[in-house]
Protein chains: 2
Amino acid sequence: MKQNIFEKIEILPAYRQVADAIEAQIMKGEIKPEEPIGTEADLVAQFGVNRSTVREGIRLLEQSGMLRRGEKRRLYVSLPGYDKLATRISRSLVLHKVTFRELVETLEILEPNTIAMAAKNITNEQLDRMAKNIEQTEELLEDRDMLSKLDMEYHSLIAEAADNKVFLLAREPAGLLIYPATQYIFEAVPEAPSRLLDAHKKMFEALKTKDVEQARTWMDKHVRDFVKGLLRTGANLDGPIAKPHLDHLLSLDTYL
Amino acid sequence: MKQNIFEKIEILPAYRQVADAIEAQIMKGEIKPEEPIGTEADLVAQFGVNRSTVREGIRLLEQSGMLRRGEKRRLYVSLPGYDKLATRISRSLVLHKVTFRELVETLEILEPNTIAMAAKNITNEQLDRMAKNIEQTEELLEDRDMLSKLDMEYHSLIAEAADNKVFLLAREPAGLLIYPATQYIFEAVPEAPSRLLDAHKKMFEALKTKDVEQARTWMDKHVRDFVKGLLRTGANLDGPIAKPHLDHLLSLDTYL
DNA sequence: TTCGTCCATTTGTCGGACAATTGGACTTTA
DNA sequence: TAAAGTCCAATTGTCCGACAAATGGACGAA
């Protein structure tokens with residue numbers, strides 16, 4: 001093995017070629033989202049392979065979210081949803097044994113910047129939804145499960161308001177992984193819910209008045225507060241995320 | 001349709017159940033990466049479904065990167081690779097018609113923070129690799145294709161040195177999507193290569209001396225410089241990324 | 001040791017088959 | 001006339017059986 005002048009020769013199974021071919025058409029824009037692709041029989045005819053082979057190829061694209069079953073169970077090109085992608089990324093991170101430290105560190109940077117962007121771009125409709133969220137949070141201050149959900153939603157709303165798809169997708173997995181921890185914080189830190197509500201209100205005000213710096217400052221505090229709470233739960237920042245924190249990730253299976 | 005008290009009843013096809021079952025075992029840690037899962041025949045026996053069904057289920061997990069074919073083509077649990085994930089995310093973003101503005105805006109935030117983290121954690125081995133990269137950049141200053149590759153690699157090295165998996169994964173897709181644009185910049189802006197090299201060197205020095213602020217400052221400049229160059233190519237920041245910028249994304253098909 | 005041959009296993013692909021689901025057309029009924 | 005029931009064709013999800021090709025291991029020859 002003196003020299004290696006030869007490239008690795010690619011031998012792709014037929015089902016991969018099917019998937020790649022379809023994906024290429026989609027990426028090139030030849031077929032657009034929401035457009036129907038033929039029936040399985042059609043694809044069989046076009047590719048000249050067996051239906052089983054076509055089906056296996058379809059599964060690949062189905063999983064990556066580029067194909068879905070629409071009305072009458074026909075195949076449609078579709079845009080991979082952010083939630084699905086985020087879930088998938090989150091799971092990968094878990095398998096890679098991501099630590100709380102990494103998550104926290106990331107959120108300390110991303111969240112303040114997210115809200116800064118949101119402060120510039122947020123719409124009234126989005127502000128209304130945030131107001132509604134805060135309202136519910138106020139009512140359900142005792143219900144930890146709901147509080148966690150509402151908190152997650154609150155931060156997702158901000159991310160959405162930032163109006164930047166790249167940033168949204170960069171932030172979402174971290175949010176997905178860490179916010180369930182709020183439940184544990186609520187248990188360990190009695191005053192956490194009211195502090196959370198307070199911060200949410202302050203950030204809302206800042207967003208409403210488009211005060212970028214105020215928004216950023218409060219989010220900063222909010223995140224640091226969160227970290228303090230996390231430490232009070234006895235979480236080990238440098239170990240992989242504890243199992244109980246991950247249940248929700250598994251329960252998402254159904255609708256993915 | 002007055003009330004909706006009934007939940008949607010989930011009816012999952014068998015191949016989905018197969019995939020979900022295996023994925024659940026993986027996520028729960030019952031099966032760990034690099035461990036073999038049975039042969040298709042084994043799975044057929046365990047699940048009590050036909051081999052075709054098992055295969056379709058396997059395809060889903062193969063695509064999400066949790067299963068791969070290892071030695072003797074047997075099935076092994078595997079960790080979803082970052083490059084694969086990043087490619088998938090990038091493609092999704094393209095389909096969602098991500099704009100240059102969103103990418104740039106994201107990088108303006110992420111890159112300086114990435115290098116700040118890197119300045120704290122970078123190892124000598126990583127510094128060596130960066131030095132090598134700079135060396136090559138210096139040699140190949142005329143070769144635009146290689147320059148782009150090297151630039152991308154340079155920034156990936158920094159991201160790796162930041163030693164934060166969440167951040168790495170947050171940054172990678174944006175990098176993947178935007179750096180090909182460097183090629184066009186090199187064409188439109190003759191002095192770009194030398195400016196790039198200069199910035200890379202400055203950042204390297206900052207990293208070597210673990211000077212967080214210097215590193216951040218230079219990356220700031222570097223990114224802004226990049227944006228200026230991008231504008232000189234006549235790119236429309238608010239339109240979807242132009243097709244020629246995307247070729248490399250498609251060519252990645254083979255090894256995914 | 002290196003090379004070739006043979007063998008068992010497993011995957012990739014194929015062909016055919018059928019029940020269940022779906023939407024649409026058509027008919028009946030209130 | 002509109003709602004409800006019936007029938008039909010197309011398509012998917014699943015199963016069965018089959019076979020060539022690839023793979024790695026064992027075994028023997030050079």
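Just so it is clear: chains get the letters A, B, ... in the order the sequence lines come, proteins before strands, and each one is counted from 1.
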> In whole angstrom, give the distance that lies between atom CD of A:Gln17 and atom C1' of C:dT13.
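Checked: the CD to C1' distance equals 13 Å.
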
> Taking only side-chain nitrogens and oxygens of B:Arg74, does any of them come within less than 4.0 Å of OP1 or OP2 of C:dT11?
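So the side chain of B:Arg74 is outside the cut-off, no N or O lying under 4.0 Å from OP1 or OP2 of C:dT11.
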
> Of the non-hydrogen atoms in A:Leu75 and A:Ile58, which two are nearest, and what is the gap between them?
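Closest approach of A:Leu75 to A:Ile58, heavy atoms only: CD1-CD1, 3.4 Å.
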
> Report the C-alpha distance between B:Met117 and B:Asp163 in whole Å, list the side-chain angles of each, state the deciding distance to 0.1 Å, and finish with yes or no for side chain to side chain contact (heavy atoms under 4.5 Å, CB included).
CA-CA 8 Å; B:Met117 288 170 57; B:Asp163 194 31; over 6 Å; no

> Are A:Arg55 and D:dT12 close enough that a side-chain N or O sits under 4.0 Å from OP1 or OP2?
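Negative; the distance criterion is not met.
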
> A:Glu111 vs A:Arg171, test: salt bridge (Lys or Arg N to Asp or Glu O under 4.0 Å). Steps then yes/no.
CA-CA 8 Å; A:Glu111 290 295 76; A:Arg171 196 212 70 95; 3.1 Å; yes

> Calculate the interatomic distance between A:Leu75 atom CG and D:dA10 atom P; express it in whole Å.
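Roughly 18 Å, once rounded to whole Å.
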
> Whether A:Arg69 contacts D:dG13 is assessed here as follows: a side-chain N or O lying under 4.0 Å from the phosphate OP1 or OP2. Is that the case?
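For D:dG13, OP1/OP2 do have a side-chain N/O of A:Arg69 under 4.0 Å.
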
> Between A:Arg74 and A:Glu40, is there a side-chain N and carboxylate O pair less than 4.0 Å apart?
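No.
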
> In this structure, how many angstroms lie between the C1' atom of D:dT12 and the CZ atom of A:Arg68, rounded?
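My rounded result for the distance is 16 Å.
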
> Return the minimal non-hydrogen interatomic distance between B:Leu60 and A:Gln63, and the atom names on each side.
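Shortest heavy-atom contact: O-CG, 3.3 Å.
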
> Measuring from atom CD1 of B:Ile134 to atom CZ of B:Arg129, what distance do you get when rounded to the nearest 0.5 angstrom?
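These two atoms lie 13.5 Å from each other.
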
> What integer distance in Å separates B:Arg59:CZ from D:dG13:C1'?
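That distance rounds to 17 Å.
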
> At under 4.0 Å between heavy atoms, which parts of nucleotides 14-24 of chain C does protein reach? Answer with one letter per nucleotide, 5' to 3': B base, S sugar-phosphate only, - none.
BB-B---SSS-

> Consider side-chain contact (heavy atoms from CB on, under 4.5 Å). Of A:Val98, A:Leu85, A:Ile178, A:Leu176, which one does A:Ser90 pass it with?
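Only one of A:Val98, A:Leu85, A:Ile178, A:Leu176 forms a side-chain contact (heavy atoms from CB on, under 4.5 Å) with A:Ser90, namely A:Leu176.
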
> Take the protein atom OH of B:Tyr15 and the nucleotide atom C1' of D:dC15, then report the distance between them rounded to whole Å.
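Atom-to-atom, B:Tyr15 to D:dC15, this comes out as 16 Å.
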
> Stepwise, does the salt bridge (Lys or Arg N to Asp or Glu O under 4.0 Å) test hold for A:Arg59 with A:Glu62?
CA-CA 5 Å; A:Arg59 294 297 159 247; A:Glu62 174 179 328; 2.6 Å; yes

> Taking CD1 from B:Ile58 and P from C:dT11, how many angstroms apart are they, rounded to a whole number?
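The answer, rounded to whole Å, is 8 Å.
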
> Can you measure B:Glu56 atom CD to C:dT13 atom P for me and round it to whole angstrom units?
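Atom-to-atom, B:Glu56 to C:dT13, this comes out as 13 Å.
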
> Whether B:Arg16 and B:Glu23 form a salt bridge (side-chain N of Lys/Arg under 4.0 Å from carboxylate O of Asp/Glu) is what I want to check.
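Judged by the 4.0 Å cut-off on N to carboxylate O distance, B:Glu23 and B:Arg16 do not form a salt bridge.
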
> Please list, by residue number, the residues of residues 37-45 of chain A whose heavy atoms come closer than 4.0 Å to an atom of DNA chain D; answer none if no residue qualifies.
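Result for residues 37-45 of chain A: A:Thr39, A:Glu40, sorted by number.
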
